[in-house]
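Working notes, beginning with the structure itself.
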Amino acid sequence: MLVDTVKGMYINGEWVQAESGSMLEVFNPATREKITEIPSGGKKEADEAIRSANAAFESWSELTARERSNYLYKAYHLMLERKEKLASILTEEQGKPLKEARGEIEFAASFLLWYAEEANRVYGEMIPSSKKNKRLWVVPKPIGVVAAITPWNFPAAMITRKVGPALAAGCPVVLKPAEQTPLSAIEIVKIFEEVGLPKGVLNLVVGDPVEIGKEIMDSSDVRLVTFTGSTEVGKLLMEGSAQTVKKLALELGGHAPLLVFEDADLDLAVDQAIASKYRNCGQTCICTNRLYVHSDVKDQFLEKLEAKVRELRIGNGSDETVDIGPLIDDSGLNKVKDQVEDAVSKGAELMTGGKQWDGPGGYFFEPTILANVTDDMKIMSQETFGPVVPIQTFDRDEEAIAAANNTNYGLASFLFTNNLNRAIKVMEKLDYGIIGINDVFPGTAEAPFGGIKESGLGKEGGHEGIKEYLEMKYVSLAVSDKL
Ligand code: ADP
């Protein structure tokens, strides 16, 4: 057992049990076996966590930026020291292959480092006044208590991408991780405890999402909710925020198109399409959800793609040789099965995969390619979150752009071409917050990640990321002529 089961929720610098006594069971999706159970909180714990964060706000925000950044630097180093342990826990509760889990821990740590640095660069502004006797300036201030609601697909990185900038900006945090993956959250909070973060600055509440979510949304002390998850829940949070006029930063679903033009490096496009589609078993919000290939290179592309997809090794992520782990749970598996059945019943050609795989007993689905897909199939509009790639062809650039933009989502899109002019023209016309040109891994701590349309509001990462956690106070000072 890698996990210390005694740890429960972390409120006001103490590890606490749930008052109700209820417990949350955590399962390994590769085997469906129970890993452990942890205290499962609700309204009461959420309320205490918010109070504790609120009480810590003043003193935390009054530290110097350098003092706050020092905690983040220490947490960054400790996270890297613990990489192997954190990666094993992550794989056990989430399922992704260990090599990906190690990559996620490095990615998670990179946000602590980046925001340790950014803490020291929160600048204000002096405005040249139109009146002789006025002096105007803008002072950035931390927004207040932040609630961070995080998903299970990146159980570590989605936490640090929110907690890092919040703490850097001077905001205390109430963290509510996904119920499927609370163990990584516990380990991350332990790191902050060990680096001596003052009590109340980071609080962890695990449990009933609806009850905890309501307490967060109803509280006037919580000034920002930063959320990564489904568009459905994002919309609920938008409704919930109206009563207290809270700020929201939302990182929601996606339906990324990947375009392969006839002049693309096909070997690169195949390798990157596989990396984009099958990483994390297809469970990332920027995963390729639809692939459009130019009809001149379709046969060549599909032949290469199929050969490589057939070589992917599926299995328990703790096995170092595995490329694809399980889906997170039954509902994830059923959604993928349903989309594949729907596509095949409407005439899609199953090139490889297409079935559940029992393996060690988990929620596995074979890496799947669907050709001759049409727009009426569910997979072309619903987010898949699984290892299935549907493929269509196109002949003209305008056709590919129109197809790519034909969605309410607007998170990430990808294009493969060796024609610089085409790359620029197509990029300019794609309605997406993130565009990868010959690159399916755009996510990095120093760049602003975020979607448009129903994929969300706000940015995470980059110098933009910390702005979500700040409010701009405008100050106008009247001066007299006298010296
Ligand atoms: P998914 O469908 O991928 O599991 P969700 O949007 O349901 O994504 O979950 C993302 C996060 O949102 C998780 O931490 C989950 O517990 C939380 N969540 C789910 N429903 C609510 C809700 N009604 N209010 C607040 N948080 C919620």
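Every number for a ligand or one of its atoms is a count from 1 in the order of the listing.
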>> Looking only at protein heavy atoms, which one is nearest to atom 16 (O) of ligand 1, and what is the separation?
In response: Glu179 OE1, 2.6 Å
> Looking at Glu460 and Lys162, does any basic side-chain N land under 4.0 Å from a carboxylate oxygen?
Replying inline: yes
> Checking salt bridge (charged side-chain N to carboxylate O under 4.0 Å, His left out) against Glu104, which of Lys96, Arg279, Lys83 comes through?
Replying inline: Lys96
> Where is the nearest protein heavy atom to atom 7 (O) of ligand 1: which residue, which atom, and how far?
Replying inline: Val233 CG2, 3.8 Å
> What do we get for Trp152 next to ligand 1 when only non-hydrogen atoms under 4.0 Å count, side chain, backbone, both or neither?
Replying inline: side chain
> Relative to the heavy atoms of Pro209, which atoms of ligand 1 are at a distance of less than 4.0 Å?
Replying inline: 16 (O), 18 (N), 19 (C), 20 (N), 21 (C), 22 (C), 24 (N), 25 (C), 26 (N), 27 (C)
> With distance as the sole criterion, is a donor-acceptor pair present between the side chains of Thr368 and Glu366 under 3.5 Å?
Replying inline: no
> Where's the contact between Asn153 and ligand 1, heavy-atom distance under 4.0 Å: side chain, backbone, both or neither?
Replying inline: neither
>> Are Tyr76 and Trp114, when compared by the centres of their aromatic rings, separated by less than 6.0 Å?
In response: no
> What atoms of ligand 1 come within less than 4.0 Å of a heavy atom belonging to Pro177?
Replying inline: 14 (O)
> Quick one: nearest non-hydrogen protein atom to atom 8 (O) of ligand 1, plus distance?
Replying inline: Ser230 N, 3.8 Å
>> Checking side-chain polar atoms at under 3.5 Å, does Ser184 have a donor or acceptor matched by the opposite partner on Glu93?
In response: yes
>> Aromatic contact between Trp152 and Phe385, with the criterion being ring centroids under 6.0 Å apart: yes or no?
In response: yes
> Which ligand 1 atoms are under 4.0 Å away from a heavy-atom of Thr150?
Replying inline: 11 (C), 13 (C), 14 (O)
>> Within this structure, what is the OG-CG distance for the pair Ser413 and Asn405, rounded to the nearest 0.5 Å?
In response: 7.5 Å
> Does NZ or CZ of Arg161 come closer than 6.0 Å to the centre of the six-membered ring of Phe449, within 45° of the ring's axis?
Replying inline: yes
> Under a 4.5 Å cut-off applied to non-hydrogen side-chain atoms, are Asp342 and Ile379 in contact?
Replying inline: no
>> Please list, in number order, the atoms of ligand 1 under 4.0 Å from a heavy atom of Gly213.
In response: 24 (N), 25 (C)
> Which heavy atom of the protein is the closest neighbour of atom 17 (C) of ligand 1, given with residue, atom name and distance?
Replying inline: Ile149 CG2, 3.7 Å
> What atoms in ligand 1 come closer than 4.0 Å to a heavy atom of Phe227?
Replying inline: 6 (O), 10 (C), 11 (C), 12 (O)
> Does ligand 1 have any atom that is closer than 4.0 Å to a heavy atom of Thr228?
Replying inline: yes
> Which ligand 1 atoms does Gly229 reach within 4.0 Å, using its non-hydrogen atoms?
Replying inline: 6 (O), 10 (C)
